[in-house]
Amino acid sequence: MRITLVSLFPEMARAVTDFGVTRRAVENGLLTLDTVNPRDFTEDRHRTVDDRPFGGGPGMVMKVAPLEKALAAARQGNPGARVVYLSPQGRPLTQARAARLAATPGLILLAGRYEGVDERLIETEVDEQVSIGDYVLSGGELPALVLIDAVTRLLPGVLGHQDSAAQDSFSGELENLLDCPHYTRPETYRDRSVPEVLLSGDHERIRRWRLKQALGRTWRWRPELLEARKARGLSQEESELLDEYIREHQA
Ligand SMILES: CN1CCN(C(=O)c2nonc2N)CC1
């Protein structure tokens, strides 16, 4: 998959290309991440990309012309790509949305700075807006990097069988549930032992325990996610495991 990051700070892409799972995806040719800097498409000697907002008020607004030219260059290198603008006005990034974006042939991620980009650029060039949460950041680069990470993990071949995305929170059997607890050696740490079931070697018992923990933790800490999952219907097993957890943890 080819992703093009349009940003005034293209070096920030190193957070994806130089570390971990996403670095391996790039090395294995599963992900290509290009960058385009709107400042390279300015025509004045100050390489101006922003200007004061019409109507007054604080801050600056990114000018249309450099962005339009940068996006044209991005499209040339990533034909047919979907243009996504990272913004608090966007629809929330969810696992389902990441999966849908992972299925597109390519993405062009527009990372704004200052107060944002001229609305006319959004109207004429942007296919969809995505938000990573209801808070205000200094720019769209970190949201873009979050999106790239979430999408890349879902590309075929990126995750080995041992850390399959299907066992992540919000995926597969644990779809839209919080993750179960994880443990590794030593078996006892400061008198706290690993749950016996995880040492049993009984994979069916372990699967049920993990599903029960995921359901129960979602009930405790993100009830709205559980309600959404219930609306899609819990299996008989899931209902029984959740009831068991609630009985064990009711105050
Ligand atoms: C102009 N710039 C303002 C700050 N910004 C965000 O706060 C943001 N983006 O995606 N989710 C978010 N939250 C990106 C765009």
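All ligand and atom numbering here is 1-based and tracks the order in the structure.
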- Got a second to check how far I3's CD1 is from R82's CZ, nearest 0.5 Å? 14.0 Å
- Message: Parallel, tilted or perpendicular: which one describes the rings of W209 and Y183, with boundaries at 30° and 60°?
- Response: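 Geometry flag for Y183 against W209: tilted rings.
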- Task: Test salt bridge (Lys or Arg N to Asp or Glu O under 4.0 Å) on E187 and R185 and set out the steps.
- Result: CA-CA 5 Å; E187 286 186 22; R185 289 178 293 183; over 6 Å; no
Near [X], which atoms of ligand 1 are under 4.0 Å from a heavy atom of that residue?
X	value
G133	13 (N)
G140	14 (C)
V136	7 (O)
L137	3 (C), 4 (C), 6 (C), 7 (O)
V130	10 (O)
G116	1 (C)

- Please say which of R217, Q213, R220 ends up in a side-chain hydrogen bond (donor to acceptor under 3.5 Å, both in side chains) with Y245. R220
Tell me the protein heavy atom at minimum distance from [atom], and give that distance in Å.
atom	result
atom 5 (N) of ligand 1	P88 CD, 3.8 Å
atom 15 (C) of ligand 1	L86 O, 3.4 Å
atom 13 (N) of ligand 1	Y135 O, 2.8 Å
atom 10 (O) of ligand 1	S87 N, 3.3 Å
atom 2 (N) of ligand 1	G112 O, 4.0 Å

- Candidates L242, I246, D243 - the one meeting side-chain contact (heavy atoms from CB on, under 4.5 Å) with L215: L242
- Task: Starting from the C-alpha separation in whole Å, work towards a yes-or-no answer on salt bridge (Lys or Arg N to Asp or Glu O under 4.0 Å) for E204 and R207.
- Result: CA-CA 5 Å; E204 177 55 13; R207 182 194 65 79; 2.7 Å; yes
So, regarding [X] and ligand 1 (criterion: nitrogen or oxygen to nitrogen or oxygen, under 3.5 Å), is there a contact or not?
X	answer
I132	yes
P143	no
Y85	no

- Item | Cationic N near anionic O, under 4.0 Å, K230 to E238 |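 Salt bridge between K230 and E238, a charged N being under 4.0 Å from a carboxylate O: no.
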- Message: Looking at R229 and E227, is any side-chain nitrogen of the basic one under 4.0 Å from a carboxylate oxygen of the acidic one?
- Response: no
- Message: Can you tell me if D44 has over 12 outside heavy atoms packed within less than 6.0 Å of its CG?
- Response: yes
- Message: I'd like to know whether CZ of R91 has more than 12 heavy-atom contacts from other residues, nucleotides or ligands below 6.0 angstrom.
- Response: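 It does not: R91 CZ has 12 such atoms or fewer within range.
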- Strictly under 4.0 Å, does any heavy atom of D134 approach an atom of ligand 1? no
